Protein chains: 2
Amino acid sequence: MAKAAKQKTSSGPEKTTRIQEINRRLILDAALDVFSTYGFRGTTIDQIADKAGMSKPNLLYYFPRKQNIYVTLLEETLTEWLAPLADIDPEGDPIEQLRKYITLKIKMSESHPEASRLFANEVLHGAPAISDFLAKHLKPLVDEKAVVIRRWVGEGKLAPVDPYHLIFMIWATTQHYADFDVQVRAIMGSQVGRPGFREQTAQAVLSIILNGIRPRS
Amino acid sequence: MAKAAKQKTSSGPEKTTRIQEINRRLILDAALDVFSTYGFRGTTIDQIADKAGMSKPNLLYYFPRKQNIYVTLLEETLTEWLAPLADIDPEGDPIEQLRKYITLKIKMSESHPEASRLFANEVLHGAPAISDFLAKHLKPLVDEKAVVIRRWVGEGKLAPVDPYHLIFMIWATTQHYADFDVQVRAIMGSQVGRPGFREQTAQAVLSIILNGIRPRS
DNA sequence: CAAAAACTTGACTAGTTGGTCAAAATGCAG
DNA sequence: CTGCATTTTGACCAACTAGTCAAGTTTTTG
């Protein structure tokens, strides 16, 4: 007598249909845009629904709470964001590895500024939604790479430098161009949009940081 | 028959009483705290009023609009924030001047993190309230200092470096410790609170940047 | 010390917004 | 083509919040 294959049990939706896949993506893309511009509190569900081209109740059919969209987006973004750090090769040439890392981060900052801003906004407000993620995923990864950098310093392949502060400096500098875009534009004006601006930025940042940590006689 | 000395004319409150001075300060201090944590939209007037120890209508007696408090706070903060940059002495020793500037910025980041966050949040969201200020006050000042730095490079006192990117790097790095405090804590843990942490930070940042821009043979 | 000015607040309003619900429309398996 | 599951939406509600207002209290001033 028990209704056998009913999916509406408390276990949640096991199967995702074609329509679900499309609409979830539509919602997340729209939400990234809006959240990154207005922040969590500053964003209304209606705004997201409008941009995603559906009604508010329909959106809530896919994500029952506003918070759900936000958290999904943050975790999705952060995972992608961390990949380049994980890719630093402990056996590679230190300067080369860091050059690659910085270059990649600047590229990401240019190609996905919304993701950078979404994350910046969350951390700025105390990371209420992702402090667990930071502790569980970010810290271990940074600790691991810090060991590598410290070894490089010990081997004389880098000038003596604190690994953590070096990593913070790279993050700060590269993300600055996404997060503070308005300020950069206010100061550098039309240069920002011009082709080659990213290369110029990368060149300047790389020059200072890499020369700053190159081993000195 | 015109009511002569009435102050309620459209010219605004010419005279500020003792009580006004105290209460405006109380409100602004409370508002900085709340705005920097929750952002403009995330902050309610009630929150500020509570923290300032007065009723909401009373608060609105001093600042008729929420926006007024916010803008006042931003402009007050920014002016103070820019002073150290203005203080860079074109006739001083380049490395020494920049060391002083960076050290001061790190100190400010530690002593007034809320101010840094308030500003970061505003710029992150497109600086809707202060884009004028950026164009009118920030840009000219930065342009002025860029000329100085460029001259220093020309005189061989600094390695060839783009002045704008150098300034951005200094801002990004120093403010990172205030704006991303939660992240820094998530990674470095209890070290952050310990005495001497600021000095350690300053040392690391100064070491990389100054060595990065020191003239090379 | 009385009157005017400045200050303070409880009670209220209008607008917004996150989320619900029941009913309709659509998709799809047999 | 039929019946069930999925998807979609208009109408609605309760909570919240910026700002108002009129009536009171305190401070200042002549």
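It should be emphasised that the depicted structure is a prediction, and the values quoted were computed from it without experimental measurement. Hydrogens, waters and symmetry mates play no part in the numbers below; they use all other heavy atoms, side chains included. All chains are named by letter (A, B, ...) in the order of the sequence lines, taking the proteins before the strands, and each is independently numbered beginning at 1.
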Peer 1: Rounding to a whole Å, what distance do you find between A/E21:CD and D/dT6:P?
Peer 2: 16 Å
Peer 1: Could you give the CD1-to-C1' distance, from B/I48 to D/dA18, as a whole number of Å?
Peer 2: 11 Å
Peer 1: On the nucleotide D/dT6, are OP1 or OP2 found under 4.0 Å from the side-chain N or O atoms that A/Q20 carries?
Peer 2: no
Peer 1: Is there a side-chain contact between A/N58 and the phosphate of D/dT6, meaning an N or O under 4.0 Å from OP1 or OP2?
Peer 2: no
Peer 1: Go through DNA chain D and write down every stem, that is, every run of at least three consecutive Watson-Crick or G-U wobble pairs with distances under 3.5 Å, as range with range.
Peer 2: C:1-30 with D:1-30
Peer 1: Relative to the ring of A/F119, is the ring of B/F180 parallel (under 30°), tilted (30 to 60°) or perpendicular (over 60°)?
Peer 2: tilted
Peer 1: Indicate the ring-plane relationship of A/F35 and A/Y70, choosing parallel, tilted or perpendicular according to the 30° and 60° boundaries.
Peer 2: perpendicular
Peer 1: Classify every nucleotide of nucleotides 17-30 of chain C by which part a protein heavy atom approaches to under 4.0 Å, writing B for the base, S for the sugar-phosphate alone and - for neither, in 5'-to-3' order.
Peer 2: SBBBB------S--
Peer 1: Parallel, tilted or perpendicular: which one describes the rings of A/F168 and A/H165, with boundaries at 30° and 60°?
Peer 2: perpendicular
Peer 1: Mind listing the closest non-hydrogen atom pair of B/I27 and B/Y62 along with its distance?
Peer 2: CD1-CB, 3.8 Å
Peer 1: Can a side chain N or O of A/Y61 be found less than 4.0 Å away from OP1 or OP2 on D/dT8?
Peer 2: no
Peer 1: Would you mind classifying the nucleic acid contact of B/Y62 as base, sugar-phosphate or nothing, using non-hydrogen atoms under 4.0 angstrom?
Peer 2: sugar-phosphate
Peer 1: Rounded to whole angstrom units, what separation is found between the CD1 atom of B/I22 and the C1' atom of C/dT8?
Peer 2: 15 Å
Peer 1: Once salt bridge (Lys or Arg N to Asp or Glu O under 4.0 Å) is applied, do any residues pair with B/K139, and if so which ones, sequence neighbours excluded?
Peer 2: B/D143
Peer 1: B/F63 ring centre to B/R24 NZ or CZ under 6.0 Å, with the angle to the axis within 45°?
Peer 2: yes
Peer 1: If you take any heavy atom closer than 4.0 Å to DNA chain D, which residues from residues 26-34 of chain B end up in contact?
Peer 2: none
Peer 1: Can you name the residues that form a side-chain contact (heavy atoms from CB on, under 4.5 Å) with A/A186, not counting sequence neighbours?
Peer 2: B/L134
Peer 1: Residues in side-chain hydrogen bond (donor to acceptor under 3.5 Å, both in side chains) with B/E80, at least two apart?
Peer 2: none
Peer 1: Using modelled atom types only, decide if a donor and an acceptor are shared between the side chain of B/Q97 and the backbone of B/D89 within a distance under 3.5 Å.
Peer 2: yes
Peer 1: Any salt bridge linking B/E75 with B/K136? Criterion: basic side-chain nitrogen under 4.0 Å from a carboxylate oxygen.
Peer 2: no
Peer 1: Whole Å only: how far is the CE atom of B/M54 from the C1' atom of D/dT25?
Peer 2: 16 Å
Peer 1: Is any side-chain N of the basic residue among A/D179 and A/R117 closer than 4.0 Å to the acidic one's carboxylate O?
Peer 2: no
Peer 1: Compare side-chain N and O positions of A/T17 against OP1 and OP2 of D/dT7 and report whether any pair is under 4.0 Å apart.
Peer 2: yes
Peer 1: What's the CG-C1' distance between B/L59 and C/dG10, to the nearest Å?
Peer 2: 16 Å
